[in-house]
There are 2 protein chains.
Amino acid sequence: MGNSRVTLKDLAKELNLSPSTISRAISGHPAISDATRKLVQQKADELGFTPNSIASSFRKKKTQSIGIIVPKIDIHFHSLVISGIEEYAYSKGYNVTIFQSKDSFEREKEITRILQNRMVEGIIICLSNETKSYAHFKKFTKLGVPVIFYDRVPTNFNANKIVINDYESAFKATEHLIQQGCSRIAHIAGNQSTHIFKDRLEGYKTALKKHKLPIDPSLILETKNLTYEEGAECAKKMLALPESPDGLFCSNDYTAISAIQVFQKAHIKVPEQIAVVGFSNYPISRVIEPNLTTINDRAFQMGQAAASLLIRQIDDTDSFVEFETITLKTDLVVRASSMRKASDTKL
Amino acid sequence: MGNSRVTLKDLAKELNLSPSTISRAISGHPAISDATRKLVQQKADELGFTPNSIASSFRKKKTQSIGIIVPKIDIHFHSLVISGIEEYAYSKGYNVTIFQSKDSFEREKEITRILQNRMVEGIIICLSNETKSYAHFKKFTKLGVPVIFYDRVPTNFNANKIVINDYESAFKATEHLIQQGCSRIAHIAGNQSTHIFKDRLEGYKTALKKHKLPIDPSLILETKNLTYEEGAECAKKMLALPESPDGLFCSNDYTAISAIQVFQKAHIKVPEQIAVVGFSNYPISRVIEPNLTTINDRAFQMGQAAASLLIRQIDDTDSFVEFETITLKTDLVVRASSMRKASDTKL
DNA sequence: TTATTTTATGCAAACGTTTGCATTAATTCG
DNA sequence: CGAATTAATGCAAACGTTTGCATAAAATAA
């Protein structure tokens with residue numbers, strides 16, 4: 001039955017060689033002759049030898065594994081990021097261990113303890129929305145284990161970060177609406193205690209200012225979690241205003257879509273009477289009718305960038321760079337939901 | 001700067017105790033007096049000792065980690081399953097390492113090699129769609145490492161499997177359409193080389209037979225990948241038939257939704273002129289108008305079930321059970337896209 | 001008080017690799 | 001041909017825990 005695995009020593013005994021020679025032969029050390037290398041390789045295949053990475057990790061103090069902490073895996077944005085991380089990490093020989101903080105600060109702390117014990121060589125994390133203190137990451141800095149934050153990143157705390165320019169993206173989205181002829185533009189905002197949503201609101205305001213449009217507080221609706229349901233509520237509130245908006249920029253696609261549906265049920269035409277732009281470019285934005293104009297936030301690339309930066313930092317042990325922040329380009333993907341003029345390109 | 005971590009030995013020296021005592025104190029061995037236990041605990045906190053899991057894994061030959069292989073992480077179904085796995089595994093003290101096969105057989109094989117080297121204690125996998133041979137899993141059986149297949153599971157190969165009853169679910173969906181008064185029911189089928197889609201087709205046929213409805217081959221449209229685009233094509237083909245169908249059961253939600261949109265553009269009313277049922281209960285099914293009736297395939301629960309079965313098998317080393325197959329219940333979630341009669345419940 | 005049991009701790013080996021250094025054999029050079 | 005160099009392999013220690021067994025000290029029983 002379940003015989004225990006074949007080890008270097010077994011191979012060594014079998015071939016009358018020392019374990020060191022076997023080790024070197026397997027890992028391609030130059031000092032080993034081609035003859036023995038082949039011999040070892042052959043015997044290894046024959047006996048089904050497979051190197052014990054745990055023993056190797058233990059000895060070398062290199063686990064070749066990185067840890068990821070996300071609030072929830074089944075949020076599409078995060079699954080895309082994870083996918084990007086896995087792809088890049090795999091190509092570099094790193095494994096990826098995943099944890100969900102479920103937006104709990106306590107759990108996030110507990111996970112960092114586990115990751116430290118597991119000796120991951122680096123960490124990529126999107127903070128839980130409860131997290132206000134970052135002390136639980138200090139130990140990694142001390143140990144020389146790089147930590148990369150993405151999306152929800154710490155403020156007032158020096159760290160490696162991968163972000164998009166939320167401000168700029170929101171500005172682009174809002175300006176696009178202005179160029180489409182909208183002059184009363186509303187905004188469905190995310191929780192203002194999260195800086196990314198704050199930035200988006202700022203970008204929206206700046207675009208209005210630049211084009212000399214008034215900033216009307218009644219057109220700015222803050223939500224708690226940008227849910228589909230909250231989107232509908234906000235849309236209804238807008239319709240109840242003395243004067244309805246003719247443009248809407250939403251901080252995510254869910255609220256944008258539910259708003260569109262509310263408008264349509266009220267027989268208000270999108271984009272003719274109100275043009276709508278979302279944020280994130282979720283697959284659903286290509287399904288809703290009219291297709292949703294939105295910001296492509298490049299989640300997959302964000303994952304790749306995070307992994308690439310992380311592994312670079314793992315390898316460059318003695319670089320002078322302490323922290324790095326990478327800002328990714330975003331695109332405005334123009335679709336039917338905002339197309340009031342024929343001039344724009346459709347994607 | 002980055003001092004190396006504090007070890008058991010360091011603690012031992014500091015307290016003039018032997019490493020074994022420290023080890024036992026930390027792990028709560030009963031033979032250690034409360035006094036020393038407290039002493040050790042205190043010193044451990046003081047020096048910031050944290051146990052080296054790698055060393056422990058190495059010594060105990062227990063890594064407390066399981067491997068997951070999915071075709072692609074960012075497919076919503078898989079991210080839900082992974083979420084379920086992580087949640088359960090975390091509660092039991094297991095870590096989860098993720099790999100994407102990207103539907104490549106070669107990559108899947110390579111990953112199994114890595115997992116063997118990493119000494120994971122169990123594996124949960126959804127097969128790549130290229131996989132026809134299962135020889136690369138035999139080694140795990142030999143080593144006593146349990147493997148659980150879900151969703152796309154091997155045929156003609158004894159193994160642990162978590163599945164839903166595709167046949168039964170399709171039967172339910174089709175019968176529901178019949179009960180709604182449909183008599184010409186079409187089916188958009190998945191790739192018939194995959195058994196789950198074959199089963200769904202069979203369930204559809206059986207429902208028709210049971211209700212003495214003819215099986216019309218022109219109403220059965222096979223697709224390659226059940227994409228949104230293929231769904232639209234199929235819908236157009238249906239409309240081109242001499243007599244249009246009045247019901248449609250699709251093997252996933254994407255094709256169902258794109259079909260609905262094609263119908264609506266052709267001014268055919270859903271559900272009045274054609275009732276539509278999908279499969280999977282993707283979030284989008286609650287967004288499309290009318291909301292889509294669909295099969296809830298319980299992806300999250302599938303992940304939990306897989307993790308639970310896996311860990312049970314890891315713990316029960318000498319059980320008499322060789323393999324287990326768990327079939328999960330599915331629900332028909334009735335929504336507007338199939339409601340021609342008022343009698344049904346709406347969710 | 002002595003023998004016996006219980007309680008608490010220590011000893012030392014082991015887990016499978018890796019690696020600096022030493023050694024031997026083979027080759028090249030003067 | 002002997003000395004110096006190069007090439008190929010071996011020795012042995014180390015990585016940080018865990019654990020069976022031994023031991024010492026304390027508590028109990030006789």
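Below, read A as the first sequence line, B as the second, and so on, with proteins coming before strands; counting in each chain starts at 1.
Between B:Ile32 atom CD1 and C:dT6 atom P the separation is 19 Å, expressed in whole Å. With rounding to whole Å, B:Lys61 atom NZ is found 13 Å from C:dA14 atom P. Rounding to whole angstrom units, NZ of residue A:Lys60 and P of C:dT19 are separated by 6 Å. The CZ atom of A:Arg118 sits 14 Å away from the P atom of D:dT17 (whole-angstrom rounding). The distance from atom CG of A:Leu39 to atom P of D:dA8 is 15 Å, rounded to the nearest whole Å. Nucleotide C:dT17 holds its P atom 9 Å from the CD1 atom of A:Ile26, rounded to whole Å. Whole-Å rounding puts the B:Arg5 CZ to D:dC15 P distance at 14 Å. Nucleotide C:dA13 holds its C1' atom 12 Å from the NZ atom of B:Lys9, rounded to whole Å.
When heavy atoms are screened at a 4.0 angstrom cut-off, B:Ser23 is found touching base atoms of the nucleic acid.
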N/O to N/O distances under 3.5 Å, protein versus nucleotides 10-12 of chain D:
unit_1 : atom_1 : unit_2  : atom_2 : d
D:dG10 : OP2    : A:Ser18 : N      : 2.8
D:dG10 : OP2    : A:Ser18 : OG     : 3.2
D:dG10 : OP2    : A:Thr21 : OG1    : 2.5
D:dG10 : O6     : A:Arg24 : NH1    : 3.1
D:dG10 : O6     : A:Arg24 : NH2    : 3.2
D:dC11 : N4     : A:Ser20 : OG     : 2.9

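The side chain of A:Thr36 sits closest to D:dT9 out of D:dT9, D:dG16, C:dG16.
Note on B:Glu121 versus B:Lys92: no salt bridge recorded, every NZ/NE/NH1/NH2 to OD/OE distance being 4.0 Å or above. A salt bridge does not link A:Lys13 to A:Asp10: none of the charged side-chain nitrogens sits closer than 4.0 Å to a carboxylate oxygen. By the 4.0 Å N-to-carboxylate-O rule, A:Glu108 lies too far from A:Lys102 to be salt-bridged with it. In this structure, A:Asp103 pairs ionically with A:Arg152, as a charged nitrogen and a carboxylate oxygen lie closer than 4.0 Å. Comment: A:Arg107 does not engage A:Glu110 in a salt bridge, judged by the lack of any side-chain N to carboxylate O separation of less than 4.0 angstrom. Using a 4.0 Å cut-off between a side-chain N of Lys or Arg and a carboxylate O of Asp or Glu, B:Lys161 and B:Glu324 do not qualify as a salt bridge.
Ring geometry, A:Tyr134 versus A:Phe149: the interplanar angle exceeds 60°, so the pair is classed perpendicular (tilted spans 30 to 60°). The aromatic rings of A:Tyr150 and A:Phe77 lie tilted to each other, with the angle between the two planes from 30° to 60°.
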If you apply the rule side-chain hydrogen bond (donor to acceptor under 3.5 Å, both in side chains), what do you find for B:Gln313 with B:Asn160, and how did you get there? CA-CA 10 Å; B:Gln313 292 208 358; B:Asn160 298 297; 2.8 Å; yes

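Within residues 40-57 of chain A, no residue has a heavy atom under 4.0 Å from DNA chain D.
The aromatic ring of A:Phe58 is not stacked on the base of C:dT17, since the criterion of ring centres less than 5.5 Å apart with planes inclined by under 30° is not met.
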